[in-house]
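Treat the numbers as computed from the prediction; the structure is a model and nothing was measured. Quick note on labels: first sequence line is chain A, next is B, and so on, each numbered from 1.
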Amino acid sequence: MKSALAILGLILAALAVPARAPAEEVTAEYYRYRGYEMSSGYYEEYEVKPQYNRPFVLERHERRGVLAYGPAAALVGSASRQADSHGSLRFYAGIACAVCHVQQASNNLHVVRVGLACRQCHGGEPIPGNEHYYAPLNRLRRHAYVCSKCHQGAGYSFAAYLVHEPDPSLAATAQSFPVLSWAFWIMVGIAVLTFALFLPHTLLWGLREFFPSRGKEDEP
Amino acid sequence: MRIRRFTLAQRLFHLLLMLCFMLQAATGLARMYVETGWGRSLARVFGGYESALSVHKAGGVALLVLFGLHLAYLVFGVGWRRLAGPDSLLPRPSDLGDFFRHLGWMLGLRPEPRFERWGYWEKFDYWAVFWGMVIIGGTGLVLYDPVASSRSMPGWGLNVAFWVHRIEALLAIGHVFVIHFFIAHLRRRSFPMDRAMFEGSVDLAHARQEKGAWIERLAAEGRLDEMSGQEARAGARAAYYAFGLSMVALGLYLLVGLLANAGRITW
């Protein structure tokens, strides 16, 4: 009887453990928050249940932790949260994207190899900030609205790919994307060690055979 | 007189590995260098940027299948017992000693060491393929279908896999096209090409000079006649030279293009 109760207790306890769920977008329960979110840029985390987050990739403009949504985290007026992220710029109409976004236009294989234009992902005017609630590139939906235009079936996790990849050789990348930085430097280290050992070895070998001594040891 | 050095199966594995590697190098560089005229011309051979990726994926699968077949060959064809013998490609502590003795000879400090059947550099080349297959093959599988992969791993893992794949591929290309080609074909004793991997046998005088301990062991065991082989016909030799040297030329073409255009692409 006791063991049966213990098993029943374990089953009930197991039911209380949340199951792993694939990424899914859920409706906010309290609609009154939506206006608050749109104006402030703070989105309640419960609105999306990602299966995989990005623990090793530092997100700009985002704080996690006990006081993730505290007032100090606010970046009021941040263009990344505005419906028209370029609305406050003067002479905007005559400026090409790459004039200001130099780095984003160059560290981007979608642009330099495939030839995609910025607007094919970021949308037409007015271009909303990526953190804006209705932006196609908002993390909530970028996999469905943007990535899957070319990568059919792209899910939330797929959208965690960094299109604007930081240069892995830079020290700053060790802070923002440490896994990439470590992987890069380990692989470069292996390559450098291999060549540092075998290139002089090969050169010396070639020279030794090219200029054989007349000594007895070289006779077959 | 010639001495048999490679079996038919080993030569076939090397031939297929060489063809797959060349294909992978050419299609991979075509993708990587598509920002340059050289890369675009390379990609055109395979039908363009997108087609080069399809060929690259097919070549990668072929390489992985070949690797699996080789593992099966090791287990069922060679057997574990032969791994311990002197004909084994397994690294031994004496290989380290051979390396330093060889280095001493290169520097003119000591006589040339007498190597067994496989030199330390040949063992390195052999096991480097295993390392490369695990690294390049593993990351290649991840990148084969990034959407499917991202269902089992975070999407930023694709950034990491891409860089690991790329650096390991460049390491393999550099090692094969510079170090392996030079040692096997371009140094004075092997010039213009070591036919052993195509023909299966090596000239006895050459083997005595390069692998003295192996020939001494065969002679002491009375196996020299048993291991002797026939020289290939003139037509076959010409075909070996034509094919082998064209592969060397292709490799050097890819290497020069890679180095000359390295500053013109987005890394």
Side-chain angles (χ1 to χ4, degrees), chain A residues 22 51-57 106-109 111-114 143 147-148 151-162 165-169 177 179-180 182-184 186-188 190-191 194-195 198-199 201-213 215-220, chain B residues 31-32 34-35 39 49-50 99 102-103 105-108 110-112 121 124 128 131 135 145-168 170-171 174-175 178-180 182-183 186-191 205-206 208-210 212 265-267:
Chain A
Q51 186 176 7
Y52 302 101
N53 59 11
R54 308 160 79 177
F56 301 108
V57 182
S106 60
N107 65 352
N108 185 337
L109 296 184
V111 170
V112 298
R113 287 196 187 173
V114 188
H143 56 284
C147 303
S148 62
H151 304 277
Q152 284 84 0
Y156 180 88
S157 169
F158 181 81
Y161 171 78
L162 265 69
E165 187 180 72
D167 184 341
S169 65
F177 197 169
V179 177
L180 181 67
W182 276 100
F184 173 82
I186 287 172
M187 292 307 299
V188 167
I190 290 169
T194 305
F195 287 125
F198 278 101
L199 279 179
H201 168 272
T202 306
L203 180 68
L204 275 175
W205 192 348
L207 288 173
R208 184 68 174 84
E209 286 196 8
F210 200 75
F211 301 107
S213 67
K216 197 175 175 181
E217 67 273 14
D218 279 332
E219 295 300 321
Chain B
R31 297 271 303 177
M32 190 172 171
V34 78
E35 294 169 63
Y49 184 71
E50 291 302 325
F99 170 75
H102 201 202
L103 205 59
W105 168 74
M106 290 176 203
L107 296 169
R110 55 176 300 133
E112 186 172 6
W121 68 93
F124 181 88
W131 158 265
I135 301 292
D145 187 346
V147 172
S149 301
S150 66
R151 293 192 191 112
S152 312
M153 57 178 272
W156 50 261
L158 298 169
N159 295 82
V160 179
F162 185 67
W163 270 102
V164 171
H165 192 82
R166 173 193 275 181
I167 298 172
E168 180 64 27
L170 289 175
L171 169 61
H175 187 83
V178 178
I179 295 162
H180 179 69
F182 185 84
I183 291 176
L186 302 179
R187 67 191 164 95
R188 187 173 181 175
R189 285 181 191 167
S190 305
F191 193 82
H206 182 74
R208 208 183 288 282
Q209 188 180 29
E210 293 259 307
I265 63 167
T266 305
W267 286 87

Go through it in stages, so that I can follow the logic: the residues are B:W267 and A:D167, the test is side chain to side chain contact (heavy atoms under 4.5 Å, CB included), and I'd like the CA-CA distance, side-chain angles, deciding distance and then a yes or no.
CA-CA 8 Å; B:W267 286 87; A:D167 184 341; over 6 Å; no
NE2 on B:H180 to CZ on A:F198, rounded to 0.5 Å:
12.5 Å
Nearest 0.5 Å, please: how far is CZ in B:R189 from CZ in A:R208?
8.5 Å
Part of B:E50 within contact of chain A (heavy atom distance under 4.5 Å):
neither
OG of B:S149 to CZ of A:F158, rounded to nearest 0.5 Å, is 9.5 Å
Please flag which part of A:L199 lies under 4.5 Å from any non-hydrogen atom of chain B: side chain, backbone, both or neither.
both
Region of B:V164 in contact with chain A, defined by heavy-atom distances below 4.5 Å:
both
Is the side chain of A:S157 donor-acceptor paired with the backbone N or O of B:M153 at a distance under 3.5 Å, no angle test?
yes
Verdict with reasoning, B:W131 to A:I190, per side chain to side chain contact (heavy atoms under 4.5 Å, CB included):
CA-CA 11 Å; B:W131 158 265; A:I190 290 169; 3.6 Å; yes
Who wins among A:Q152, A:H151, A:H201, A:R113 for the most heavy-atom pairs under 4.5 Å with chain B?
A:R113
Would you mind reporting whether A:W205 and B:I179 have side-chain heavy atoms less than 4.5 Å apart?
no
Could you tell me whether the side chain of B:W163 reaches within less than 4.5 Å of the side chain of A:M187, counting heavy atoms only?
no
Evaluate side chain to side chain contact (heavy atoms under 4.5 Å, CB included) for B:L171 paired with A:F195, printing each intermediate quantity in order.
CA-CA 8 Å; B:L171 169 61; A:F195 287 125; 3.7 Å; yes
If you tally heavy-atom pairs under 4.5 Å against chain A, which of B:V34, B:I167, B:L170, B:I265 wins?
B:I167
Pick one of side chain, backbone, both or neither for B:I135, based on which atoms fall under 4.5 Å of a heavy atom in chain A.
side chain
Point-to-point distance, once rounded to the nearest 0.5 Å, from CZ of B:F162 to CG of A:L180
11.0 Å
Quick one: are B:F182 and A:L203 in side-chain contact, heavy atoms under 4.5 Å?
no
Quick check for you: among B:N159, B:I183, B:L186, which has the greatest number of heavy-atom pairs under 4.5 Å with chain A?
B:N159
Working to the nearest 0.5 Å, report the span between NE2 of B:H175 and OG1 of A:T202.
7.5 Å
